[in-house]
> 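Take this structure, written in structure tokens, and hold onto it; I'll ask about it next.
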Amino acid sequence: MSTKQKTNSQIFQDSNDIFYPKDELEVSDLVKDFYKKNSSIELTGSNSKNFIGNKTQAANKVSLSKLSGIIEYYPEELYIKVKACTPLQEIEDALEKNDQELAFEPLDFGYIKNGKPNKGTIGGYLSCNYAGSRRFKVGSVRDHVLGFRGVNGKGDIIKSGGTVVKNVTGYDLSKLISGAFGTLLALTEITLKVLPKKQLTNTIVIKVDDRKKIYDLFDKIASSSSEITGAVFLPDEPDDSMFIRNKETIFKFNDLDFTGPYLALRLEGDKVSINEKTKKITKELDLKKFKIATLDNYQSSPFWKKINNLELFQNTQNNLLRIVIEPANGSEMMSYLGNKFKYYIDWCGSLFWVEVPPKKNNKVGEIKKKSIELGGYMTIIKTSEEYDYEETIFTVDPVRLMISEKIKKSFDPKRIFNPGKMYRGI
């Protein structure tokens, strides 16, 4: 690849006219220059999640990929400070050496993008704010950000938070930038809370297909004191050639001795605590009424990795929807979906991952309407090649859109960061 240098600076620029600032000051200088020129910027990292959201129509591309590396990590203080484009795998490897893990549970979108694992960078995770099965119990990415640094739309370097958990008066800016898909600022540094790693994981699998019983179990799990950290329902796959029927292959485990739809719940801790929790939850859920199977640690860990890798939708060429609703309305959503779509339910009943084939593109709008009717929202995570973008990628009501516009203006007054990535015109 041929390369060149900007004539007025030392910021690296490749043959594709992508700028590669090597530190925060260079990011600031670049943004200040583009701000003066009223010139828009597409911010990128490792591109592991670039297929999510609208395509940006920016005049310039800035890759933050050189802002990578662990700045400081104090296991005894339960925090790690990293540059924004540090690969998540690098962070997890460092934590693993000290028997620690991130306080949130990451997803791996690589499998649905091209069938290969690719967790991307920590900045990408914060920008999307998506988290795995433990979300209903411990929260999402934004709930475990202790602080960050970044560059706003005028080129100013801003800082929020610190390295300790404490209550303060004022705005928690990490909550605003989380899930903003790089439309508010260019992240340069992130400080995250970490926790001791769970020693063991066991999974109880319950054979069940009745909607009322499924959500009755979800309700009891959510209110249980047994510290259940995962609850997912996997229904039968539709008999439709537009879907890849892979459930029985992906979730094939020695101790899972039945097929068909089932609900799975996760227990974590040491051996003694898991045994006690198992006895307690067996009584709370009255599991003697169901056919069950138990996956030990060696089978349980890969089970939940496959759930969080979205491997059920591996290499999908269909539309993939992410729907969040109140668990109280989950049974109605199940009834609506029936066996027409491939899907599963996570977050103890409130998160639906739904696959819609191109021949049913018109159903995407109908599903969004149903999600809103049930008090939730829908995001189109991945679109088929035939999708015509009649429906907006993200669901937002007029009031939230107005608030988003005001927040955008305060961070990025000339709207130069990732224009249109989330909402057209913002």
Side-chain angles (χ1 to χ4, degrees), residues 48-53 107-118 128 130-133 135 209 211 214 232-252 259-264 303-325 330-347 349-372 374 376-395:
S48 65
K49 303 172 186 65
N50 64 337
F51 61 92
I52 305 176
L107 295 174
D108 189 336
F109 286 99
Y111 287 88
I112 63 170
K113 184 177 182 181
N114 56 21
K116 300 177 182 178
N118 183 4
C128 294
Y130 294 143
S133 300
R135 164 70 174 81
D209 60 3
R211 290 186 289 108
I214 291 164
V232 61
F233 174 71
L234 294 166
D236 280 329
E237 296 165 295
D239 187 12
D240 187 329
S241 61
M242 290 299 294
F243 299 104
I244 300 173
R245 294 173 62 89
N246 55 4
K247 175 190 165 188
E248 304 302 336
T249 302
I250 290 175
F251 295 100
K252 185 177 179 62
T259 59
Y262 56 79
L263 185 151
F303 177 91
W304 292 98
K305 283 183 180 179
K306 290 174 181 293
I307 290 291
N308 290 318
N309 291 345
L310 302 171
E311 290 186 42
L312 199 67
F313 311 110
Q314 184 170 329
N315 279 320
T316 182
Q317 299 302 307
N318 297 332
N319 304 291
L320 183 61
L321 315 180
R322 178 181 182 270
I323 303 168
V324 179
I325 60 175
S331 180
E332 187 174 343
M333 177 59 79
M334 282 186 70
S335 178
Y336 174 80
L337 295 174
N339 196 240
K340 302 186 294 289
F341 306 97
K342 183 174 179 177
Y343 73 95
Y344 73 86
I345 309 171
D346 204 345
W347 292 6
S350 61
L351 173 64
F352 285 70
W353 290 99
V354 184
E355 188 176 357
V356 181
K359 67 179 182 180
K360 296 182 179 179
N361 272 346
N362 62 313
K363 295 294 183 180
V364 173
E366 294 177 19
I367 295 173
K368 175 184 280 190
K369 182 179 179 181
K370 188 65 177 180
S371 303
I372 295 172
L374 297 177
Y377 61 90
M378 185 192 86
T379 305
I380 307 174
I381 295 296
K382 187 177 182 181
T383 58
S384 65
E385 291 184 0
E386 296 86 351
Y387 192 71
D388 56 13
Y389 289 88
E390 286 186 1
E391 288 297 326
T392 55
I393 299 294
F394 301 89
T395 301

> Contact between Lys360 and Asp240 at the side-chain level, heavy atoms closer than 4.5 Å - yes or no?
yes
> Who pairs with Gln314 by side-chain contact (heavy atoms from CB on, under 4.5 Å), at least two apart in sequence or on another chain?
Tyr111, Glu311
> Does any non-hydrogen side-chain atom of Thr392 lie less than 4.5 Å from one of Lys368?
yes
> Can you name the residues that form a ring pair (Phe, Tyr, Trp, His ring centres under 6.0 Å) with Phe341, not counting sequence neighbours?
none
> I want to check something: taking the side chain as every heavy atom from C-beta on, are Asn308 and Ser133 in contact at a cut-off of under 4.5 Å?
yes
> I need the minimum non-hydrogen distance between Met242 and Pro358, along with the two atoms involved.
CE-CD, 3.5 Å
> Can you list everything that forms a ring pair (Phe, Tyr, Trp, His ring centres under 6.0 Å) with Phe313? Sequence neighbours excluded, please.
Tyr344
> Within a strict 4.5 Å, meaning less than it, do heavy atoms of the Ser384 and Asn318 side chains meet?
no
> For the pair Phe51 and Phe109, name the ring-plane relationship: parallel under 30°, tilted 30 to 60°, perpendicular over 60°.
perpendicular
> Taking only residues two or more places apart in sequence, or in another chain, which ones meet Phe243 in a ring pair (Phe, Tyr, Trp, His ring centres under 6.0 Å)?
none
> Counting C-beta onward and ignoring hydrogens, is there a side-chain heavy-atom pair between Asp209 and Asp236 closer than 4.5 Å?
no
> Of all residues at least two apart in sequence or in a different chain, which pass the side-chain contact (heavy atoms from CB on, under 4.5 Å) check with Asn246?
Glu237, Ile244, Ile250, Leu312, Lys342
> Between NZ of Lys369 and CE of Met378, what distance do you get to the nearest 0.5 Å?
13.5 Å
> Counting neighbours of NZ on Lys340 that are heavy atoms of other residues, nucleotides or ligands and sit closer than 6.0 Å, is the number greater than 12?
yes
> For Lys363, enumerate each residue passing the salt bridge (charged side-chain N to carboxylate O under 4.0 Å, His left out) test, keeping only those at least two apart in sequence or located in another chain.
Glu366
> Do the side chains of Leu374 and Tyr336 get nearer than 4.5 Å, heavy atoms only?
no
